[in-house]
Peer 1: 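Let me begin by handing over the structure; questions about it come next.
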Amino acid sequence: MQQPKTAFAERIAERRRAEGDPRALVGEMRRSVLLVPVADGGLWSVRSGGVRWICGFTDEAALARFVLHHAPGDQPVDYAALLGARIVDEIVPALGEPAGLAVDIATEEGAMLFPPVAGIVPDAVAVDTGRAGDKGA
C-alpha cells in the first residue's frame, strides 16, 4: 500500500510539472516538518557545486529510500524532525558557508533543491545579494 504524499510533496510534484506558484512551494517548505538524518553529531549534508546541501525528507518512505542507498550497512539512522523554516532561517546561516536545502533527493521524479538565494534563505547569507559572508564591515 502506497503512502499518500504530504502537501509539500504534492507542491514539489506540481513545480516539477511546471505548474503551481513557486512562492507557494517555498511557503509550503517553510511550514512543513522535514525529516533530516543525523550523522556524526550533525545533520546529514552533501557538498555539490560549491554549496552545502542539508538533506531533508517529506516522509519516512522518502527517508528510507535515501538511507537504503547512503547509510552504512543495515545500521539504523537517527533523524531530527525540523520545520523547514528553522532549517533555512537558523541552521543554514549558522553553517558559515553557502548552504541550501535538498528535499527528497532519493525520490525519482520528486527531488527539489532550495538554493541559498534571497527569498529562500535570509538575505545576509543569500549568494545572490552580494551580502553573503558580509559582517557589516
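A quick note: this is a predicted structure, and the numbers were derived from the prediction, not measured.
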Peer 1: On a heavy-atom basis, which atom in V77 and which in P37 lie closest, and how many Å separate them?
Peer 2: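 Scanning both residues completely, I find the closest heavy atoms to be CG1-CB, 3.9 Å.
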Peer 1: Among the clusters formed by ILVMFWY side chains lying less than 4.5 Å apart, do F8 and V33 turn up in the same one?
Peer 2: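 In one cluster with F8: V33, no.
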Peer 1: Verify side chain to side chain contact (heavy atoms under 4.5 Å, CB included) between V67 and Y79, making sure each step is shown before the conclusion.
Peer 2: CA-CA 11 Å; V67 168; Y79 62 88; over 6 Å; no
Peer 1: For residues 87-96, dump all side-chain donor-acceptor pairs below 3.5 Å to protein atoms at least two apart in sequence or in another chain.
Peer 2:
unit_1 : atom_1 : unit_2 : atom_2 : d
D89    : OD1    : R30    : NH1    : 3.0
D89    : OD2    : R30    : NH1    : 3.3
D89    : OD2    : R30    : NH2    : 2.5
E90    : OE1    : R86    : NE     : 3.2

Peer 1: With hydrophobic residues grouped by side-chain heavy-atom distances under 4.5 Å, do L83 and L43 end up in a single group?
Peer 2: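 Result: no, two separate clusters.
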Peer 1: What I want to check is whether the side chains of D104 and T58 have a donor and an acceptor closer together than 3.5 Å.
Peer 2: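 The criterion, which ignores hydrogens and geometry beyond distance, is satisfied for T58 and D104.
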Peer 1: Run the side-chain donor-acceptor check on residues 110-122: report pairs under 3.5 Å with partners two or more places apart or on a different chain.
Peer 2:
none

Peer 1: List the atom of L35, the atom of A81, and the distance in Å for their closest heavy-atom pair.
Peer 2: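 Smallest interatomic distance, heavy atoms only, reads CD2-CB, 4.1 Å.
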Peer 1: What pairs with R16 under side chain to side chain donor-acceptor pair (under 3.5 Å), at least two apart in sequence or on another chain?
Peer 2: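 Counting only residues at least two positions away or on another chain, R16 forms no side chain to side chain donor-acceptor pair (under 3.5 Å).
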Peer 1: Pairs in or reaching into residues 105-117: which pass side-chain hydrogen bond (donor to acceptor under 3.5 Å, both in side chains), with residues at least two apart or in two chains?
Peer 2: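 Only R65-T107 qualify under side-chain hydrogen bond (donor to acceptor under 3.5 Å, both in side chains).
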Peer 1: Any side-chain heavy atom of I54 within less than 4.5 Å of one from L34?
Peer 2: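 Result no, sub-4.5 Å side-chain heavy-atom pair not found.
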Peer 1: Who are the side chain to side chain donor-acceptor pair (under 3.5 Å) partners of S32, not counting sequence neighbours?
Peer 2: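 S32 satisfies side chain to side chain donor-acceptor pair (under 3.5 Å) with no residue once adjacent residues are dropped.
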Peer 1: Side chain to side chain donor-acceptor pair (under 3.5 Å) with E14: which residues, sequence neighbours excluded?
Peer 2: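 If we apply the side chain to side chain donor-acceptor pair (under 3.5 Å) test to E14, skipping adjacent residues, the hits are R11.
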Peer 1: Please collect all salt bridge (charged side-chain N to carboxylate O under 4.0 Å, His left out) contacts where either partner lies in residues 47-58, sequence neighbours excluded, each pair once.
Peer 2: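 Sorted pair list: R47-E97, R52-E97.
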Peer 1: Return the set of residues passing ring-ring contact (aromatic ring centres under 6.0 Å, His included) with F66 (not counting sequence neighbours), or none when no residue passes.
Peer 2: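 Counting only residues at least two positions away or on another chain, F66 forms a ring-ring contact (aromatic ring centres under 6.0 Å, His included) with W44, F57, H70.
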Peer 1: For G100 and V51, work out which heavy atoms get closest and say how close.
Peer 2: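 Smallest heavy-atom distance, with atoms named: N-CG1, 3.8 Å.
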Peer 1: Residues in side-chain contact (heavy atoms from CB on, under 4.5 Å) with A13, at least two apart?
Peer 2: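 Listed in chain order: K5, R17.
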Peer 1: Can you sort out the partners of R15 under side chain to side chain donor-acceptor pair (under 3.5 Å), two or more places apart, ordered by chain and number?
Peer 2: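 Not a single residue meets the side chain to side chain donor-acceptor pair (under 3.5 Å) criterion with R15.
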